[in-house]
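Accompanying notes for the structure given below.
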2 protein chains.
Amino acid sequence: MELRQNIKIAVDAIVFGYKENSLNVLLIKQKFGVLKDQWALVGGFVKDGETLSTAVNRELAEEAGIKVSYLEQLYTFGDDVNRDPRFQVISVAYFALVNSTKLVVKADTDAEDAQWFPMHNLPQLAFDHSVILEAAKQRLKNKLSYQPIGFDLLPKEFLFSELENLYCTILEKEIDRRNFRKKILSFGIVEETEKFGSKKNGRPAKLFKFNKLKYNKLTKEGFFFEIYFA
Amino acid sequence: MELRQNIKIAVDAIVFGYKENSLNVLLIKQKFGVLKDQWALVGGFVKDGETLSTAVNRELAEEAGIKVSYLEQLYTFGDDVNRDPRFQVISVAYFALVNSTKLVVKADTDAEDAQWFPMHNLPQLAFDHSVILEAAKQRLKNKLSYQPIGFDLLPKEFLFSELENLYCTILEKEIDRRNFRKKILSFGIVEETEKFGSKKNGRPAKLFKFNKLKYNKLTKEGFFFEIYFA
DNA sequence: CTTATAAGCGTATCTTTTACGCAAAGCTAA
DNA sequence: TTAGCTTTGCGTAAAAGATACGCTTATAAG
């Protein structure tokens, strides 16, 4: 079969990180090529014989040297034929989260500069990357309410106030501290440890951890994680 | 920039229809080519300069001659390099619904045979199409509970019992008739008409219709459609 | 006129959500 | 040492929503 098709396929990753009440995205600035001196999402072309997953993971490793704690396909962007000025490129975007402890990226891996930007202070982005980023932000906001992905943004052990602030920050909403705690604890998938976290003032707080195994077990039994607040 | 990439990009559409307590999928059987005599999803390769949306709509028109009432991107399948035995093909799958009145497709549009199959009696499918179909079924089940897409499967005017049976059938779950009705009506997005539907026996039932405008308006104001039942 | 069948309305009970009050445990500074 | 500030952690009353049904109404068939 002969098939002349000159469409190229790329993958892009939107990597979110959370630290000190701020949601951040990982962006890279290439020193050469068309993207020279422009901030862009981590990504690149898929190689022949490579799967989509392999491609994103490779780009994440090559361009940012980062290990993500959560990764899922977001959306495939191909309704703007001129999204790349060079030629027609379809981009399969992936949504990724990293543990806040890994938020300091070793920059300049190869020929790139990787840097975290707070969501409320973004630079100009290349191509249609701001559109893709907006879609990712929406996905994050939605998923936070019906899947326990917030834990992928926090360290293994965290304070309840950190979890609560994460929800408030990302959902851009006020949540009653006491009801939030009650709801989360009622699920039985977050357990308290013996350790205490350090804070400047106030009563010392216990560290908690997410029991993923228990979550998976409960999910199989029909449990449904859900956090909605007025 | 030189870029040798021999990956081809295709679109596939999973078209669902509902009629007489049965969820159906539209499949086509090509009379020529590699797919000769095999049932497959509607789909084909994207043409140069064509957007993804344009491609699906074109395939839907060409291969099935059908107008869908709902269309959204489902997922991009590209993690199995050999999903197509000829060469590496990445498929962007779309999820579509059609109004039950259009469920009789004018077959043999060109060189194909389009036919509706009930979900519980499917033929062998080409490629990885059964995997794609399974993903679509899951999407349908999920979305039904938090978006009013059920109406896209029914005629403009429908009986409450039809809507209820649609939910029971697709969710494969028993739902209390009276509570279901109460819940749906409480949203204020389904209105009763003056007309009555025809049924063999029992008390005659009013026809209802979905007020999409009102739904959109309410959604902007923060309304959230949600139907979960134990 | 009786029976069968599905539509349509109402209500009591149980569960969940929401809105707060308040005590406990540490830090800081007078 | 103690008063004042801050954050954690627990509890509870009231409001809202979900669930489980009972019962009437309207038609067709026999």
Side-chain angles (χ1 to χ4, degrees), chain A residues 20-21 144-146 154-155 157-169 171 173-210 218 221-230, chain B residues 20-21 144-146 154-155 157-169 171 173-210 218 221-230:
Chain A
E20 282 143 25
N21 299 348
L144 208 57
S145 296
Y146 64 88
L154 292 175
E157 303 192 327
F158 52 87
L159 302 175
F160 234 104
S161 54
E162 291 174 329
L163 184 65
E164 185 207 324
N165 285 328
L166 184 145
Y167 272 82
C168 291
T169 305
L171 298 180
K173 195 185 278 187
E174 287 293 308
I175 300 176
D176 183 274
R177 183 176 52 86
R178 294 153 292 187
N179 290 338
F180 178 80
R181 186 192 182 98
K182 214 185 307 175
K183 184 74 178 281
I184 295 274
L185 287 176
S186 75
F187 295 150
I189 56 176
V190 170
E191 293 159 2
E192 82 178 41
T193 68
E194 296 303 310
K195 283 168 265 179
F196 283 81
S198 55
K199 274 247 177 144
K200 288 159 227 162
N201 40 11
R203 175 173 171 174
K206 286 184 200 118
L207 284 167
F208 289 79
K209 62 180 176 191
F210 173 55
L218 287 172
E221 296 165 6
F223 164 73
F224 195 53
F225 179 91
E226 195 181 60
I227 305 203
Y228 289 121
F229 283 100
Chain B
E20 284 144 24
N21 298 347
L144 208 56
S145 295
Y146 64 89
L154 293 175
E157 302 192 327
F158 52 86
L159 302 175
F160 234 103
S161 54
E162 290 173 331
L163 184 65
E164 185 207 324
N165 285 328
L166 184 147
Y167 271 83
C168 292
T169 305
L171 299 180
K173 195 185 280 187
E174 288 293 309
I175 301 176
D176 182 274
R177 183 174 51 86
R178 296 151 293 188
N179 290 337
F180 177 79
R181 185 192 183 97
K182 216 185 307 175
K183 183 74 178 279
I184 295 275
L185 287 177
S186 76
F187 295 150
I189 56 176
V190 170
E191 292 158 3
E192 81 178 42
T193 67
E194 295 304 311
K195 282 169 266 179
F196 283 81
S198 54
K199 274 250 175 141
K200 288 159 225 158
N201 40 12
R203 176 173 171 174
K206 288 187 199 116
L207 284 168
F208 289 79
K209 63 179 175 193
F210 173 54
L218 287 172
E221 295 166 6
F223 165 73
F224 194 54
F225 180 90
E226 194 181 61
I227 305 204
Y228 288 121
F229 283 99

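Proteins get letters first, then strands, A, B, ... in listed order; numbering begins at 1 in each.
In terms of position along DNA chain C, the nucleotide closest to Asn201(B) lies nearer the 5' end than the nucleotide closest to the other residue of the pair Asn201(B) and Lys206(B). Each of Pro204(A) and Asp176(A) was matched to the nucleotide of DNA chain D holding its nearest heavy atom; the match closer to the 5' end belongs to Pro204(A). Between Phe229(A) and Glu192(B), the residue anchored closer to the 5' end of DNA chain C is Glu192(B), taking for each the nucleotide with the nearest heavy atom.
Following rounding to the nearest Å, Leu159(B) (CG) and dG8(C) (C1') show an atom-to-atom distance of 13 Å. Between Arg178(A) atom CZ and dG21(C) atom P there is a gap of 8 Å when expressed in whole angstrom units. Taking atom NZ on Lys182(A) and atom P on dA19(C), their separation rounds to 11 Å, with Å as the unit. The CG atom of Asn179(B) sits 15 Å away from the P atom of dA12(C) (whole-angstrom rounding). For Phe208(B) and dG8(C), the CZ to C1' distance is 9 Å, given to the nearest whole Å. When the C1' atom of dC9(C) is taken as reference, atom CZ of Phe180(B) falls 17 Å away, rounded to whole Å. One interatomic measurement links the two molecules: CZ of Phe224(A) to C1' of dT16(C), which rounds to 16 Å at whole-angstrom precision. Computed from coordinates, the Lys183(A) NZ to dA19(C) C1' distance equals 15 Å when rounded to whole Å.
Aromatic ring orientation, Phe160(B) versus Phe208(B): perpendicular (interplanar angle above 60°, classes split at 30° and 60°). Using a 30° and 60° split on the angle between ring planes, Phe187(B) and Phe223(B) fall in the perpendicular class, above 60°.
Contact annotation for Lys200(A): backbone-only contact, meaning every heavy-atom pair under 4.0 Å involves sugar-phosphate atoms and none involves a base.
Checked by distance alone, Arg177(B) brings a side-chain donor or acceptor within 3.5 Å of a matching partner on the base of dG8(C).
To the nearest 0.5 Å, atom OH of residue Tyr228(A) and atom NZ of residue Lys173(A) are 9.5 Å apart.
A donor-acceptor distance shorter than 3.5 angstrom exists from the side chain of Tyr167(B) to the backbone of Leu144(B), with no hydrogens or angles considered.
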Subject >> Audit row: Phe210(A), Phe158(A), ring pair (Phe, Tyr, Trp, His ring centres under 6.0 Å) steps and yes/no >> reply: CA-CA 9 Å; Phe210(A) 173 55; Phe158(A) 52 87; 8.3 Å; no
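Considering only heavy atoms from C-beta on, Phe225(A) comes within 4.5 Å of Ile189(A) through its side chain.
Relative to the side chain of Arg181(B), the nucleotides dA6(C), dG21(C), dG8(C) differ in distance, and dG8(C) lies closest.
Minimum heavy-atom separation, Leu159(A) to Lys206(A): CD2-O, 3.6 Å.
Interface limits on DNA chain D: the 5'-most and 3'-most nucleotides within less than 4.0 Å of chain B heavy atoms are dA18(D) to dA28(D).
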